[in-house]
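Along the sequence shown, residues are numbered consecutively beginning with 1.
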Amino acid sequence: MLQSTPPRTRERSRSKTPTSLAEIVLTPLAALAMPARKLRRRKADRIRSHADRIEEHRFDPPILALRSGEIIFGEDTAEAYRLLGRSEVP
């Protein structure tokens, strides 16, 4: 007679709750640096309209940056925050 063995379960070494590698924190705008290599030219009217939309909708879009402070995504947003006179940005 064949004996039934329970199926093997593989234990995970990781915890069940995922840890986030990114988080939104308020950072001083002066601590952020534009990338050394600029891929696009920034037009003043586009940055002004971006700043107007931030004020109009009261929505603060976050800026993606490395821990070193170099901006990866959101150069226009950082310039718009500078126009608005913000000292801390998400």
What's the spacing between Asp76 CG and Arg46 CZ if we round to 0.5 Å?
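Reported value, rounded in 0.5 Å steps: 4.5 Å.
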
Measuring from atom CD1 of Ile72 to atom CG of Leu64, what distance do you get when rounded to the nearest 0.5 angstrom?
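Going from the CD1 atom of Ile72 to the CG atom of Leu64 covers 4.5 Å.
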
Members sharing Tyr81's hydrophobic cluster (side chains within less than 4.5 Å):
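Its cluster mates, by chain and number, are Leu29, Leu32, Met34, Ile54, Ile63, Ile71, Leu84, Val89.
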
For the residue pair Glu75 and Pro35, what are the closest heavy atoms and their distance?
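Smallest interatomic distance, heavy atoms only, reads OE2-CG, 3.3 Å.
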
Looking only at heavy atoms, which two atoms of Pro90 and Ile24 are closest? And how far apart?
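Shortest heavy-atom contact: CB-CG2, 3.9 Å.
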
Tell me, which pairs form a salt bridge (Lys or Arg N to Asp or Glu O under 4.0 Å) where one or both residues lie in residues 56-66, sequence neighbours left out?
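As it turns out, the salt bridge (Lys or Arg N to Asp or Glu O under 4.0 Å) pairs with a partner in residues 56-66, which skip direct neighbours, are Asp60-Arg86.
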
Out of the candidates Glu55, Arg48, His50, only one should pair with Asp52 under the side chain to side chain contact (heavy atoms under 4.5 Å, CB included) rule; please name it.
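Only match with Asp52 under side chain to side chain contact (heavy atoms under 4.5 Å, CB included): Arg48.
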
